[in-house]
Every structure is written in structure tokens, then in C-alpha cells.
Amino acid sequence: DRSDRYRVSLSLVREDGESGPAASIADLTPASDEFVTLFVDSAQLVPGEYRLAISREKDDPSAETEWFLIRVKSPRSD
């Protein structure tokens, strides 16, 4: 059932508030606890603020999208 599949996208938020695509993955299946687990390798991202969006993959315009903000910082130099 496609309603049990999810799509996740990660976008870099620019200074003007707009976002540009960085990565997207589809056809994710939630675990038995109904969580969708994924790993983002921040070493592959430039520092900045990113918007992570997760939504069900179904042909329903009313399907909700959940948004999360992720801030990637420069590595610390000790």
C-alpha cells in the first residue's frame, strides 16, 4: 500500500528564506513503531540551516508534511 510509504527531502535554507534541494529519498517504509529511520551524513553538507521534510507517498493533496530544521555547524578545531 503506497499510503504506508514515505518520502524525505533535505533542502538547504538560503539567506533569503528560500530553500534549494540537497537530497531526496522515496519509498521508505516505517518500522513497527511507525517511525521512519534515516541517517544524514553531515560531513557531506556545507554548514548552514537545512529543512527536512517527511510526507506520505500517496496521491492525496491533503496529506500532511512534517518539517524539521537542522543546523549544520563547521567542525570545531581544537
Side-chain angles (χ1 to χ4, degrees):
D1 182 357
R2 299 295 297 171
S3 65
D4 293 335
R5 305 291 180 158
Y6 288 81
R7 170 180 295 282
V8 175
S9 62
L10 184 67
S11 303
L12 177 62
V13 178
R14 299 186 305 246
E15 288 183 23
D16 62 5
E18 295 295 318
S19 59
S24 181
I25 187 168
D27 207 28
L28 298 172
T29 305
S32 61
D33 60 6
E34 298 186 21
F35 282 92
V36 174
T37 303
L38 64 124
F39 174 78
V40 176
D41 183 0
S42 62
Q44 303 299 317
L45 303 173
V46 298
E49 193 168 87
Y50 289 80
R51 182 178 297 135
L52 184 131
I54 182 167
S55 58
R56 285 184 185 264
E57 282 192 8
K58 59 181 182 176
D59 297 327
D60 179 359
S62 67
E64 290 187 31
T65 298
E66 293 195 47
W67 302 90
F68 302 89
L69 289 178
I70 300 172
R71 180 167 292 134
V72 176
K73 297 182 177 183
S74 298
R76 288 179 24 180
S77 56
D78 296 323

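Please read these numbers as outputs of a predicted model, since none were measured by experiment.
No path of Ile, Leu, Val, Met, Phe, Trp and Tyr side chains, each step under 4.5 Å between heavy atoms, connects V13 with L52, placing them in separate hydrophobic clusters.
Across every non-hydrogen atom of E57 and D27, the tightest pair is OE2-N, 2.7 Å. The two residues L38 and V40 make their nearest non-hydrogen contact at CD1-CG2, 3.8 Å.
Within the 4.5 Å cutoff, the side chain of I54 has no heavy atoms near those of the W67 side chain. Put simply, the side chain of L45 reaches to within 4.5 Å of the side chain of L10, judged on heavy atoms. Looking only at side-chain heavy atoms (C-beta outward), F39 and D41 come within less than 4.5 Å of each other. Residues V72 and V46 are not in side-chain contact: their nearest non-hydrogen atoms beyond the backbone lie 4.5 Å or more apart. Considering only heavy atoms from C-beta on, Y6 stays 4.5 Å or farther from S55 through its side chain. Under the 4.5 Å side-chain criterion, counting only non-hydrogen atoms from C-beta, S24 is in contact with R7. Using a 4.5 Å heavy-atom cutoff, the side chains of T29 and D4 are not in contact.
The line from OH of Y50 to CD1 of I70 is 10.0 Å long, rounded to the nearest 0.5 Å. The OG atom of S9 lies 9.5 Å from the CZ atom of R51; values are rounded to the nearest 0.5 Å. Remark: E49 CD to L69 CG distance equals 4.5 Å, nearest 0.5 Å.
Partners of E15 by side-chain contact (heavy atoms from CB on, under 4.5 Å), not counting sequence neighbours: none found.
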